[in-house]
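Read the structure below first, then the notes.
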Amino acid sequence: MRRTYGIAGVLISAVLALSACGGGGSGNAGNPLDTSSAAPSGSASGGAADAGKAVIGSFDFDESVLLASIYAQALESKGVQVEEKPRIGSREAVYDQVKSGGLTIVPEYNGNLLAFIDLKATAATTDEVNAALKEKLPAELEVLDSSPAEDKDSLSVTKDFQAKQSVTTMEDLGKVSKTLVVGGPPEFKKRWEARFKEVYGIEFKEWKPTGPTTADALKDGTIQVGNVFTTDPKMTANNLVPLQDTKNVFPAQNVTPLLFKAGASDTIRTTLNSVSAKLTTDSLLQMMQQISVNKDEPATVAKEWLTTNGLG
């Protein structure tokens with residue numbers, strides 16, 4: 001259910017970006033979808049060149065920009081020459097750019113990536129999803145180690161509701177769900193109603209299309225259960241808690257580097273795996289709070305996290 005955008009909209013945005021920015025160059029200059037001048041290479045020799053070069057892209061939302069900045073700054077500290085291309089757009093555009101070599105790296109979510117390349121995928125756990133990815137990805141691409149950090153769907157409730165109803169898991173929710181109102185994106189009911197009933201016996205009294213206001217609707221009592229992403233800063237601000245999905249209805253969504261294999265040096269692989277080892281859901285949530293609530297710049301938040309974790 002993670003942010004998706006129409007391909008046509010992405011292509012229009014890309015054309016506008018090209019006409020507005022003019023020629024090529026580094027940073028945000030030029031067309032982020034151009035493959036002619038951005039093809040990475042890790043084959044040069046001597047000094048910093050041994051570490052390679054990397055063009056790092058991100059999806060068009062703050063968390064992806066933050067993760068790309070973490071990757072970029074960590075790699076720069078190891079001598080990798082980095083170019084960032086933030087907010088390219090949807091997975092359709094970003095994936096094709098990594099596959100063609102126009103991008104070297106993009107921070108991905110393993111479950112959504114698998115669903116994108118295999119519509120019939122049924123893998124649920126982190127290990128299952130990653131095993132399926134390694135089997136299904138084309139030869140040009142590879143995924144590195146997944147981080148423990150996840151930004152995934154959840155059924156969440158307020159802490160007060162949890163205490164009063166003694167509900168900590170989705171299985172517990174199934175025992176009281178017929179009296180409750182649930183909220184989420186407009187497509188939430190169509191995607192999940194049958195699955196919730198099949199696995200947990202969950203049947204809600206009413207489904208409301210609350211969209212981006214879901215966390216606020218939980219807080220004001222308009223709904224009792226809501227589909228909120230686990231790193232949404234409003235989880236903490238609104239005293240919300242995700243119910244445990246003990247049977248993995250929602251597939252794993254671990255933050256995982258996706259690489260153009262031929263453009264990645266050993267330094268790139270080692271450095272990004274070190275980042276993944278330290279990145280947790282809690283730390284990602286805290287960083288997103290700094291960006292969403294404190295209005296800190298993603299690059300500043302990324303640098304602080306890297307320094308704290310001895311990675312930058």
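Keep in mind that the numbers below use all heavy atoms, side chains included, and drop hydrogens, waters and symmetry copies. Note that the structure is a prediction, hence the values are computed from the model and not measured.
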K234: which residues meet the salt bridge (Lys or Arg N to Asp or Glu O under 4.0 Å) condition with it, sequence neighbours left out? D216
With sequence neighbours left out, write down each residue that passes side-chain contact (heavy atoms from CB on, under 4.5 Å) with E140, or none if nothing qualifies. K99, P138, F260
Looking at residues at least two apart in the chain, or sitting in another chain, which of them share a ring-ring contact (aromatic ring centres under 6.0 Å, His included) with F196? F188, W192, F250
Who are the salt bridge (Lys or Arg N to Asp or Glu O under 4.0 Å) partners of E135, not counting sequence neighbours? none
Linking Ile, Leu, Val, Met, Phe, Trp and Tyr through side-chain heavy atoms less than 4.5 Å apart, which residues share a cluster with V228? V181, L218, I223, M235, L240
For K175, give me all partners under side-chain contact (heavy atoms from CB on, under 4.5 Å), at least two apart in sequence or on another chain. D172
A72: partners by side-chain contact (heavy atoms from CB on, under 4.5 Å), with sequence neighbours left out: I56, V82, E84
Checking E76 now: which residues fulfil salt bridge (Lys or Arg N to Asp or Glu O under 4.0 Å) with it, not counting sequence neighbours? none
Which pairs count as salt bridge (Lys or Arg N to Asp or Glu O under 4.0 Å) when at least one residue sits in residues 302-312, sequence neighbours excluded? none
For K219, all residues meeting side-chain contact (heavy atoms from CB on, under 4.5 Å), sequence neighbours excluded: N238
State which residues pass salt bridge (Lys or Arg N to Asp or Glu O under 4.0 Å) with K197; sequence neighbours excluded, sorted by chain then number. E203
With D245, which residues qualify under side chain to side chain donor-acceptor pair (under 3.5 Å), at least two apart? Y200
